[in-house]
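Computation of the quantities below employed the complete heavy-atom set of this structure, encompassing side-chain atoms and omitting hydrogens, waters and symmetry-equivalent molecules. Numbering of ligands and ligand atoms starts at 1, following listing order.
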Amino acid sequence: MDLLLSLEMIAKYPFTKAAKEYVSSLRIDVESLGSPEFSRIYERAKFRVEEALEKGGRSYEIGDARAIMDRDLEVELLSFPLALFMVAALDDDFASRRFGLAEAIRAETLLSNERPEVIEALATEELGLDLKKVKKRLDKDYELAIHFTDYLKEASKFNAKEWKLVNRYLENGYVYITQRELARLMRSSIERYVLARIKAIGNVRPPEYMQEFIKEQKDKLLARKYKIEKLASGISPDSWPPCMKALHQSLTKGESLSHFANFALASFLLNVGMSVDDVVSVYANRSDFDERVARYQIEHIAGMKGSRTKYTTPSCGTMQTHGLCIEQGRLCGGVKNPLSYVRRFGRFKPKATNS
Ligand code: SF4
């Protein structure tokens, strides 16, 4: 536990109990942080919020998260609860999710380069993961193993094959993992923690010194929403089959979909004649949305990149195999493909071009 008590540790990992206690012991309220002597804390908090909203944590991912930390560790630490307050003041679900993700990515990149005993202490003492030290040479050297129930809680949401339990080394109920993999598993728990902290703050009115910044961020969020709504104004899910409506609804709420579900929805939307821009706009509510990546993937499905094959929508049978068919097709009159549903029950207007 002592390992996690240094100022360096709590500044790096402000989600720990020690960090929270340290901040409370300083008895500095949000109002006071507007004083000139705290301007660095305010500037750093603004950076954290802007980094999240504009880049979704990419600066932490591609840069060195340690280098982005403020050299003054107290500034670094105190900027976290202040940034949480600012996000709560924005009162916007997308902003909260985006901030949660960015902070979790920040922590993940720091954890990946951490001493094994520190990451182990954080995983067990702070996040309650059932972890044990091992020494095993398999396809690579493993020094950690996690109980399979904790492993599955997070890894079952990942798409990549290497996370599937059947592709892992499992012994006596424990899955062998590398430190980097453990950091990835911890990212999701940290993200949930950050979201819960924002929710606990609730509706707050920003103090005077913060109001201009909050207004600027709200305007940007509003402009973004307007852009998405404008792009998506031609989308009418009324004529879509229940499976595609359900996937679209999940995305609108900002939930993440499996790789296959994303592919199924994107190929469906393109095949009913939506433009690449419109399909990109459908994905813009995801907290990890990156327009460049989304556009590339959608253009690939549309046959504008890579093999130049325009992919068709998976059949109802394949949708069922992936658990995405609704009520076993009872509402769909025996169609064999979601596109047939639109042809039969809706207005289907195929387009001559992909964009
Ligand atoms: S039957 Fe086909 S179109 Fe209908 S919900 Fe199932 S997968 Fe979708």
Side-chain angles (χ1 to χ4, degrees), residues 93-94 97 152 155-161 163-167 228-229 231-289 293-355:
D93 278 353
F94 172 78
R97 281 189 274 112
L152 282 178
S156 58
K157 297 173 209 143
F158 302 161
N159 291 315
K161 278 204 291 280
W163 288 102
K164 303 278 170 255
L165 197 56
V166 290
N167 296 327
I228 295 170
E229 274 165 22
L231 279 171
S233 56
I235 302 171
S236 165
D238 299 347
S239 58
W240 299 356
C243 51
M244 296 301 168
K245 272 187 196 157
L247 293 178
H248 181 249
Q249 258 170 21
S250 298
L251 271 186
T252 313
K253 284 192 232 148
E255 292 166 7
S256 55
L257 303 180
S258 71
H259 181 68
F260 178 81
N262 276 319
F263 168 76
L265 180 63
S267 63
F268 170 80
L269 297 176
L270 291 165
N271 277 292
V272 292
M274 270 173 61
S275 69
V276 167
D277 275 348
D278 287 345
V279 181
V280 169
S281 76
V282 169
Y283 284 85
N285 274 317
R286 285 177 58 143
S287 52
D288 60 352
F289 177 70
V293 174
R295 185 170 293 281
Y296 179 84
Q297 289 169 343
I298 291 161
E299 284 178 352
H300 188 86
I301 298 168
M304 297 159 76
K305 289 262 185 308
S307 61
R308 307 265 155 189
T309 310
K310 183 176 179 177
Y311 289 87
T312 190
T313 310
S315 69
C316 294
T318 311
M319 292 289 282
Q320 270 162 19
T321 309
H322 287 264
L324 298 175
C325 178
I326 306 291
E327 294 189 33
Q328 297 173 322
R330 194 178 57 79
L331 310 167
C332 301
V335 297
K336 299 276 180 259
N337 189 292
L339 290 171
S340 315
Y341 180 100
V342 183
R343 286 194 194 98
R344 194 180 296 178
F345 302 110
R347 282 170 298 147
F348 185 45
K349 298 184 209 158
K351 273 189 179 173
T353 57
N354 288 325
S355 60

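Atoms of ligand 1 lying under 4.0 Å from any heavy atom of Pro338, numbered from 1 in the order shown and given with element: 3 (S).
Between the side chain of Asp278 and the main chain of Met274, no donor-acceptor pair closer than 3.5 Å is present. With Tyr283 contributing its side chain and Asn262 its backbone, the two residues share a donor-acceptor pair below 3.5 Å.
When non-hydrogen atoms are compared, ligand 1 lies under 4.0 Å from the side chain of Pro241 (C-beta onward) but not from its backbone.
Atom 4 (Fe) of ligand 1 has an N, O or S atom of Cys332 inside 2.8 Å of it. At least one N/O/S atom of Cys325, whether from backbone or side chain, sits less than 2.8 Å from atom 6 (Fe) of ligand 1.
Atom 2 (Fe) of ligand 1 has as its closest protein heavy atom Cys316 SG, 2.3 Å. For atom 1 (S) of ligand 1, the nearest protein heavy atom (residue, atom name, distance) is Gly329 CA, 3.4 Å. The nearest heavy-atom contact from the protein to atom 8 (Fe) of ligand 1 is Cys243 SG, 2.3 Å.
To the nearest 0.5 Å, atom OG1 of residue Thr312 and atom CG of residue Asn337 are 5.5 Å apart. To the nearest 0.5 angstrom, Ile326 atom CD1 is 11.5 Å from Cys316 atom SG.
Checked against the 6.0 Å centroid criterion, the rings of Trp240 and Phe268 qualify as a close aromatic pair.
A parallel orientation is assigned to the rings of Tyr311 and His300, their planes being inclined by less than 30° (bins at 30° and 60°).
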